[in-house]
Number of protein chains: 2
Amino acid sequence: MGRWAPGARGRLEYAALELYSERGFENTTVTEIAERAGLSERTFFRYFADKREVLFWGSQALQEFLARSVEEAPATASPLAAVTGALEKAASEIFEERRELLWRRQKIISANPELQERELIKLAALAKSITAALRRRGVQELPSSLAAEAGIAAFKVAFAAWAQGEGRSLAQVVRAAVEELERVAAQGAGAPDPAQSLAGAGGADGVGG
Amino acid sequence: MGRWAPGARGRLEYAALELYSERGFENTTVTEIAERAGLSERTFFRYFADKREVLFWGSQALQEFLARSVEEAPATASPLAAVTGALEKAASEIFEERRELLWRRQKIISANPELQERELIKLAALAKSITAALRRRGVQELPSSLAAEAGIAAFKVAFAAWAQGEGRSLAQVVRAAVEELERVAAQGAGAPDPAQSLAGAGGADGVGG
DNA sequence: TAGAGTCATGGCGGTTGCTGTCATGACTCG
DNA sequence: CGAGTCATGACAGCAACCGCCATGACTCTA
């Protein structure tokens, strides 16, 4: 494999993180990133589909990690247990050791809606991948989706707290969030208003206004 | 208020929906949308922040509707009950009567990742708004976030099924999803593997690999 | 009815993200 | 040493999006 200086992708990632930190995502041009990495703009777009993707390149590996963890969970584990186990595993084995990088990265993302959009679609991809892994465990479609989405929702909340400077480890925060979620769900959502449940069974009328 | 032909915004929305349907989002230029609406490209960007936003203009109203519904839920309702009640109310009062429009719109969104990103951030905004409404009911931050995110997660799954041609009403599908979510959460996520819970309490080691 | 003010719109020029295409030069292998 | 592969660069071009200013429709008031 012919190459000039090695690690072009890594250099681009590093340069982008620096520049996004220094002057913000919007005030950074792709040309500037490429220049700092000693490459051309054209080459940037050969490594990353767009200007945002440079911050999300690791998500593919995370997705595979989570899918594998879910599949390898003990056969006795409930769907949600398999999911949260995988998330805690990722938290301690992947996230914790990159704490500073992730905090920095999150600060950039929090400052920009376009980057938040990208982050959300990556989270959605994780949920989809987890759903597929649960299905491979023999779980039905609906509970698979819901366990995956609920798990990701808890992770999202936990990660936000952790990235803002929580003292506890991410795995701990994730666990606390999942336990709280179970409590919230256990309180039930059964017909808060009689009219509601009738409308649910019959149609749109009865609640209309 | 000086005006030429009324309903410029509506004409742009309509033209965009048509063109996105006909030839896809990517193969449609803003100039084409504006032309079909009898306006200029420049004017399009006065009404909509970008090319995607034209499909999501109603989400602000939905957000306010949900926040109000959550606040007005009976005082006895649990957080999740308040949220799902609001979602079912929106389903029957807002979504059902625009079924065909929404299905068409969803087909466009499903075909394009950029639009999916936008949809996800709108859903996240709904969750944030619902979280704030729960807080106003006196609910703590963590359960507020989780009830909101879990409710939106259930709605997301339900809406996807409904928009693909489910026979039942959206409110019914939402209710079924929430009930399934409760079941999934009730099975618990408690330590599927003894090593997991130790790791959660202690640190990253113990699970490491 | 005329003049002033408001406001939606159009037109224009510019920046930037992103792409297709082709040339170049580094590296590998025989 | 020559041929082939492959990462890169250079260039041209499109479309999204924005700032700026002009224009003309509409309203209000005297």
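Predicted model, so just to flag it, every value in this text is computed and none were measured. So that the names make sense, note that chain A is the first sequence line, chain B the second, and so on, each numbered from 1.
When the salt bridge (Lys or Arg N to Asp or Glu O under 4.0 Å) test is applied to B:E141, the partners found at least two apart in sequence or on another chain are B:R135.
B:R11 has its CZ atom 14 Å from the P atom of C:dA8, to the nearest Å. Protein atom CD of B:E114 is 10 Å distant from nucleotide atom P of D:dA16, rounded to whole Å. B:N27 places its CG atom 13 Å from the C1' atom of D:dC14, with the value rounded to the nearest Å.
One side chain, B:E119 or B:Q106, offers a donor N or O that lies under 3.5 Å from an acceptor on the other.
Although no hydrogens or angles enter the test, the distance criterion places a donor-acceptor pair under 3.5 Å between the side chain of A:R137 and the main chain of A:A73. For B:R23 (side chain) and B:T28 (main-chain N/O), no donor-acceptor pair under 3.5 Å exists by modelled atom type. Under a 3.5 Å cut-off, the side chain of B:S129 and the backbone N or O of B:A125 do not form any donor-acceptor pair. No donor-acceptor pair under 3.5 Å is formed between the side chain of B:K89 and the backbone N or O of B:F65.
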- Going 5' to 3' through nucleotides 14-21 of chain C and flagging B where a protein heavy-atom sits under 4.0 Å of the base, S where only the sugar-phosphate is that close, and - otherwise, we get --SSBBBB
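Note on B:S40: every side-chain N or O is 4.0 Å or more away from OP1 and OP2 of C:dT9. Phosphate contact (OP1/OP2 of C:dA8, side-chain N/O of B:Y47, threshold under 4.0 Å): absent.
The salt bridge (charged side-chain N to carboxylate O under 4.0 Å, His left out) test with A:R175 is passed by exactly one of A:E88, A:E182, A:E180: A:E88.
For the helix from C:dT1-D:dA30 to C:dG30-D:dC1, the angle separating the two terminal helix axes comes to 10°, with each axis derived from five pairs and the value rounded to 10°.
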- Message: Walk me through whether A:W162 and A:V174 qualify under side chain to side chain contact (heavy atoms under 4.5 Å, CB included).
- Response: CA-CA 9 Å; A:W162 178 73; A:V174 167; over 6 Å; no
